[in-house]
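Following: one structure in structure tokens, then a few remarks.
Since this is a predicted model, take the numbers as computed values, not measurements. Naming convention: chains lettered A, B, ... in sequence-line order (proteins, then strands); numbering from 1 in each chain.
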There are 2 protein chains.
Amino acid sequence: MTVDETTLRTPLTRKRIIEAAVELADEQGIEALSMRKLGHALGVEAMSLYNHVGGKDDILDGMVDGLFAEIGVPLPNGGDWKSAVTETATRAKDVFAAHSWAVPLITSRELTGPSAFALMDRTLGVLLDAGYPMDLVHHAWHVISSHVMGYAFQETSSTWGKDSDHDHAKADALLREYGEQFPNVAKLVPHLMECSHDEEFQFGLDIILSGIEARLS
Amino acid sequence: MTVDETTLRTPLTRKRIIEAAVELADEQGIEALSMRKLGHALGVEAMSLYNHVGGKDDILDGMVDGLFAEIGVPLPNGGDWKSAVTETATRAKDVFAAHSWAVPLITSRELTGPSAFALMDRTLGVLLDAGYPMDLVHHAWHVISSHVMGYAFQETSSTWGKDSDHDHAKADALLREYGEQFPNVAKLVPHLMECSHDEEFQFGLDIILSGIEARLS
DNA sequence: ACCTGAACACCGTTCAAGT
DNA sequence: ACCTGAACACCGTTCAAGT
């Protein structure tokens with residue numbers, strides 16, 4: 001009787017299952033993430049996963065929590081709240097944008113994991129420490145997190161990609177079909193396909209943070 | 001042989017199938033929307049739907065296009081671009097927020113339907129007519145649509161609802177579990193549960209539109 | 001303690017058969 | 001032209017049986 005050493009060296013674990021799920025979703029898309037395929041990727045039958053994980057929902061929750069853990073929390077940096085928030089918001093956008101499944105998954109689930117709460121708590125703390133009253137902090141939280149989630153969606157949205165030949169072909173086809181009917185869209189598309197998402201995100205964030213600052217004084 | 005008059009009076013049609021799908025998703029959630037259940041709701045076997053519709057993806061595309069059709073397009077109103085954009089953005093937020101499935105569905109699909117393109121085209125037109133150059137219009141499109149999508153997500157997100165006893169019980173449970181660990185979140189939760197989403201959305205939108213205006217002059 | 005095969009109740013979709 | 005039953009290739013999950 002032979003022994004599979006790989007399986008022995010890295011035993012099945014909730015953490016390892018979730019990491020494999022992230023890898024599978026990154027490579028083949030979230031719709032390809034099934035318990036059977038995930039088990040196969042780990043060299044095990046699908047039913048074995050249930051010994052380490054509550055079920056598929058538990059895996060999806062773990063994937064989302066992992067995203068927030070990867071973002072981390074803003075560091076206190078001597079009262080410069082704008083740069084602290086900018087760093088964390090940019091990092092959040094980048095982490096979400098790095099996984100095509102992040103925004104659809106977050107928007108279809110409740111956010112009650114510890115990492116999401118930690119990010120929220122420390123961000124609020126930065127604003128409170130800077131002297132903002134709670135109701136202005138509340139407004140700020142809404143508008144900042146809208147910008148992060150909304151921009152991550154736009155960056156992930158595959159409608160106007162620019163990276164592959166397939167993206168260019170798709171854009172050409174859409175413009176041929178709709179270009180005459182919607183001339184302003186046709187004029188915008190080159191900007192959408194060429195734009196720097198970092199600069200674009202920063203443009204909006206600057207407006208928002210300056211606007212919040214102006215509401216204090 | 002008897003004849004079902006209801007079926008005769010309202011024959012199966014792509015439009016009617018999509019309307020029934022919206023109704024089913026509104027009432028039972030998007031995960032309850034299956035071809036079999038949708039057929040049942042229409043008094044027909046699931047396989048009959050394929051005579052009028054390309055498949056489930058086609059139905060989902062139709063549902064998304066219906067959302068944008070319901071939003072409509074901004075009307076030219078004598079150059080007051082801020083109020084034109086505000087009206088349409090608010091309407092978009094309200095339409096998305098009225099359907100719990102809207103944001104998850106939009107964020108997981110490409111937006112290439114005619115109604116979405118029309119909304120985009122006319123909104124760009126309002127900004128161009130107001131004298132903004134194309135690259136500033138491009139920035140504006142990104143930040144405004146981020147705000148709309150991001151806020152619709154927050155309004156739809158069921159984590160901090162306030163409408164049902166179930167929402168209150170859930171909030172209480174979360175605060176008991178995390179309240180000590182995350183005191184700033186605990187302080188914010190009452191604001192989240194009481195806030196007026198219309199005012200909150202407007203607060204951010206005002207900051208954004210004023211910021212765009214300031215970039216012109 | 002962990003893994004597995006068989007089974008259950010679902011999916012979307014195809015296709016030949018009916019009318 | 002439209003509807004249907006049977007079938008196919010999938011799902012998530014349970015559970016008794018194995019080691």
Restricting to non-hydrogen atoms, name the atom on Leu111(A) and the atom on Thr159(B) that form the minimum distance, rounded to 0.1 Å. N-OG1, 3.3 Å
Arg16(A) CZ to dC2(C) P, straight-line distance once rounded to whole Å: 14 Å
Nearest-Å distance for atom pair NE2/P, residues His40(A) and dC3(C): 17 Å
Minimum-distance nucleotide to Met35(B) side chain [options: dC11(D), dG12(C), dC15(C)]: dG12(C)
Writing each nucleotide of DNA chain C 5' to 3' as (, ), [, ], | or . by Watson-Crick or G-U pairing under 3.5 Å yields ||.|||||...|||||.||
Sequence neighbours left out, what passes salt bridge (Lys or Arg N to Asp or Glu O under 4.0 Å) with Glu70(B)? Give chain and number order. none
With distance as the sole criterion, is a donor-acceptor pair present between the side chains of Gln202(B) and Asp206(B) under 3.5 Å? yes
From the set dG12(C), dT4(D), dT4(C), return the single nucleotide nearest to any side-chain atom of Tyr50(B). dG12(C)
Does dC3(D) have its OP1 or OP2 closer than 4.0 Å to a side-chain nitrogen or oxygen of His52(B)? yes
If you check every side-chain atom of Ser48(A), which of dG12(C), dG12(D), dT4(C) has the closest atom? dT4(C)
Shortest side-chain distance from Asn51(A), nucleotide among dT4(C), dC3(D), dG12(D): dT4(C)
Listing request: all side-chain hydrogen bond (donor to acceptor under 3.5 Å, both in side chains) pairs with a residue in residues 139-153 of chain A, at least two apart in sequence or in separate chains. His138(A)-His142(A), His139(A)-Glu200(B), His142(A)-Gln154(B), Ser145(A)-Gln154(B), Ser146(A)-Gln154(B), Tyr151(A)-His197(A)
In whole angstroms, the gap separating P of dT13(C) from CD of Glu45(B) amounts to 16 Å
Under 30°, 30 to 60°, or over 60°: which ring-plane class applies to Phe96(B) and Phe68(B), parallel, tilted or perpendicular? perpendicular
Within the structure shown, what part of the strands sits under 4.0 Å from Ser34(A) by heavy-atom distance: base, sugar-phosphate, or nothing? sugar-phosphate
Of the candidate nucleotides dC2(D), dT4(C), dG12(C), which contains the atom at the shortest distance from the side chain of Arg36(B)? dG12(C)
Within the 3.5 Å criterion, strictly below it, is a donor on Thr107(B) or Thr107(A) matched to an acceptor on the partner's side chain? yes
Residue mapping more 5' on DNA chain C - nearest nucleotide basis, Gly54(B) or Ala46(A): Ala46(A)
Does dC11(D) have its OP1 or OP2 closer than 4.0 Å to a side-chain nitrogen or oxygen of Lys56(A)? no
Are His191(B) and Asp135(A) linked by a side-chain donor-acceptor pair shorter than 3.5 Å? no
Out of dC3(D), dT14(D), dC11(D), which has the shortest distance to the side chain of Leu12(B)? dC3(D)
Just call it for Leu33(B): base, sugar-phosphate, or nothing, with non-hydrogen atoms closer than 4.0 Å on any strand. sugar-phosphate
